[in-house]
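As the structure lists them, so they are numbered: ligands from 1, and atoms in each ligand from 1. This is a predicted model, so every value here is computed, not measured.
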Amino acid sequence: MAQPTDEVTALEAAPFISVVDRELSAHLSLARERLASLAPDALELVDALVSLVEAGGKRMRPLLCYWGHRAGGGVSGRPLARAGAAIELLHTSAIIHDDLIDRSELRRGKPTAFGKLGGSAAVLAGDLAQAYADELLVGSGFASELTMAAFVHFNRMRVEAVSGEFMDLSIAARGGAGVEEARARRIAALKSGSYSVVGPRLVGASLAGAGEPVLAALRSYGEPLGEAFQLRDDVLGTFGDPAMTGKDRDGDIRLGKRSTMVAKALRLGSPAERRLLLERLGTGGLSADEVEEVRKVIRGSGALAETIELANELAALATASLHAAPIESNAGVALAALANEMAVRDA
Ligand code: IPE
Ligand code: MG
C-alpha cells in the first residue's frame with residue numbers, strides 16, 4: 001500500500017484536483033499507448049475521452065470523494081487522486097452515453113462523442129471509459145480490503161445511474177399523461193444524485209476505512225444534496241445560459257423530459273397551460289418560439305420558483321445534517337460550503 005508522504009499529506013482540495021487531472025491524463029496516455037499496438041483503429045475512442053476530459057467540467061465528484069475521505073479520517077495522496085480520476089471517468093462514460101440517449105450535440109461547449117463519432121462509437125467510447133475507470137480504482141494503490149469496500153459503492157453508483165436513466169427515458173418515451181412529482185424526484189436521485197454526490201463520498205470514506213456511522217452521516221448529507229444538484233441541473237438545462245453551461249437549453253423540452261420542474265408545472269399550470277405542455281413536450285420539430293412558450297409556462301406557473309426553492313431547501317437540509325455528524329471538522333465546513341455552491345451554481 002502506498003504510504004502518504006509529506007508532499008501528498010499537504011494536498012488540499014484545489015491541488016488535489018490538479019493531481020486528479022494529472023492522473024487522468026497519465027492514465028489515458030498509457031491507455032492510448034497500449035491501444036496503439038493492440039488496435040490502432042480504435043485510438044479515436046481514447047481521443048474522444050481525452051478531448052471530453054480536457055474540455056472542462058467542474059470535477060465535483062473527485063472533490064466530493066476527497067471530502068468524503070477526509071470526513072472518514074483519511075489522508076489524501078496519489079492513491080486517492082487515482083480513485084478520484086476513476087470516478088471522473090465513470091462520469092465521462094455516463095455523459096457520453098447520456099448524450100447519445102438524448103441525441104445531444106453539445107457538451108462542455110464542444111461537439112459530443114455522439115455528434116462526432118455517431119451513436120455506435122459513442123456506446124463503445126463510454127464502455128472504454130468504464131474499463132479505464134475500473135483499472136484506475138483497482139490499481140489506485142490502496143490496500144485491497146479498502147479497495148474492495150470502495151468498489152461496492154463504486155458499482156452501486158453505476159447500477160443506480162443506469163436504473164434512473166432507464167426510468168427517465170421510458171417515461172419521456174411514453175409521453176402523454178404527466179408524471180407525479182414523487183416519481184420525478186426518485187428518478188433524479190437515482191440517475192444523478194447517486195453517482196454525482198452520494199457515491200463519490202462513500203467511495204472516498206470507505207477508502208479511509210470509515211465505518212457505518214460515518215457512512216450513514218454522509219448518506220444523510222448526500223441524499224438531499226444529490227437531489228438538489230439534479231434539480232439545479234434541470235433548471236439550468238432549460239433556463240441556464242448556454243455560454244455558461246456548455247449545453248443547449250431547448251433539448252430537455254424537445255425531448256419531453258419529465259423532470260420534477262415539469263411535474264410541478266403540470267400540477268400548477270391552468271388547464272390551458274397544462275394542455276400546451278402536454279402537446280409540446282417531446283414533440284419533434286418545435287420552433288424556437290414554441291419552445292419559448294413552454295419556458296414561459298414553466299416560469300409563469302410558479303414551477304421554476306418552486307424548483308429553485310426546493311433545491312435550496314434540500315441543500316440546507318444537507319448542511320444541517322452535518323452539525324451532529326461524526327466527521328472530521330474541516331471536512332464538515334468544506335461540505336457545507338459545497339452544498340451551497342452545488343444548489344445555486346450557474347454551470
Ligand atoms: C452533469 O454533471 C450531468 C449530471 C449528472 C447532471 P456536471 O454538472 O457535474 O457536469 P461537468 O462535469 O461539470 O461538466
Ligand atoms: Mg438524459
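Each of the atoms 8 (O) of ligand 1 lies under 4.0 Å from some heavy atom of Arg345. Atoms of ligand 1 found under 4.0 Å from any heavy atom of His91, numbered from 1 in the order shown, are 2 (O), 9 (O), 10 (O), 11 (P), 12 (O). The Gln230 neighbourhood of ligand 1 comprises atoms 6 (C), with distances under 4.0 Å to a heavy atom of that residue. Residue Gly57 approaches ligand 1 through these ligand atoms, each under 4.0 Å from one of its heavy atoms: 11 (P), 12 (O), 13 (O), 14 (O). Residue Ser196 has at least one heavy-atom neighbour below 4.0 Å for each of these atoms of ligand 1: 5 (C).
Ligand 1 has a nitrogen or oxygen under 3.5 angstrom from a nitrogen or oxygen of Arg61. Of the polar atoms of Lys247, none of the N or O atoms is found under 3.5 Å from an N or O of ligand 1, judged by distance alone. By the 3.5 Å distance cut-off applied to N or O atoms, Lys58 is counted among the residues near ligand 1.
At least one side-chain heavy atom of Met60 sits less than 4.5 Å from a side-chain heavy atom of Met342. Between Tyr132 and Thr92 there is no side-chain heavy-atom pair separated by less than 4.5 Å.
Heavy atoms of Arg232 found under 4.0 angstrom from ligand 1: none, in either backbone or side chain.
Side-chain contact of Thr260 with Glu181: a donor-acceptor pair under 3.5 Å is absent, judged by distance alone.
Shortest contact from atom 1 (C) of ligand 1 to any protein heavy atom: Arg107 NH1, 3.9 Å. Scanning all protein heavy atoms for the shortest distance to atom 14 (O) of ligand 1 gives Arg108 NE, 2.9 Å.
The shell of residues lying under 4.0 angstrom from ligand 1, judged by heavy atoms, excludes Arg59.
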### Query
For Val214 and Ile327, what are the C-alpha separation, side-chain angles and deciding distance, and is it a side chain to side chain contact (heavy atoms under 4.5 Å, CB included)?
CA-CA 6 Å; Val214 170; Ile327 60 175; 4.2 Å; yes
#### Entry: Residue pair Gln230, Asp234: steps toward the side chain to side chain donor-acceptor pair (under 3.5 Å) verdict
CA-CA 6 Å; Gln230 181 57 41; Asp234 292 335; 2.9 Å; yes
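Here Arg295 contributes atom CZ and Arg299 contributes atom CZ; the two are 9.0 Å apart, rounded to the nearest 0.5 Å. Note that CD1 of Ile298 is 7.0 Å distant from OG of Ser259, once rounded to the nearest 0.5 Å.
One of the N, O or S atoms belonging to Asp102 lies under 2.8 Å away from the Mg ion (ligand 2). For a distance bound of 2.8 Å, the N, O or S atoms of Asp98 include one lying that close to the Mg ion (ligand 2).
By the 6.0 Å contact criterion, CD on Glu44 is open, its count of non-hydrogen atoms from other residues, nucleotides or ligands being 12 or less.
In this structure, Phe142 has its ring center closer than 6.0 angstrom to the ring center of His69.
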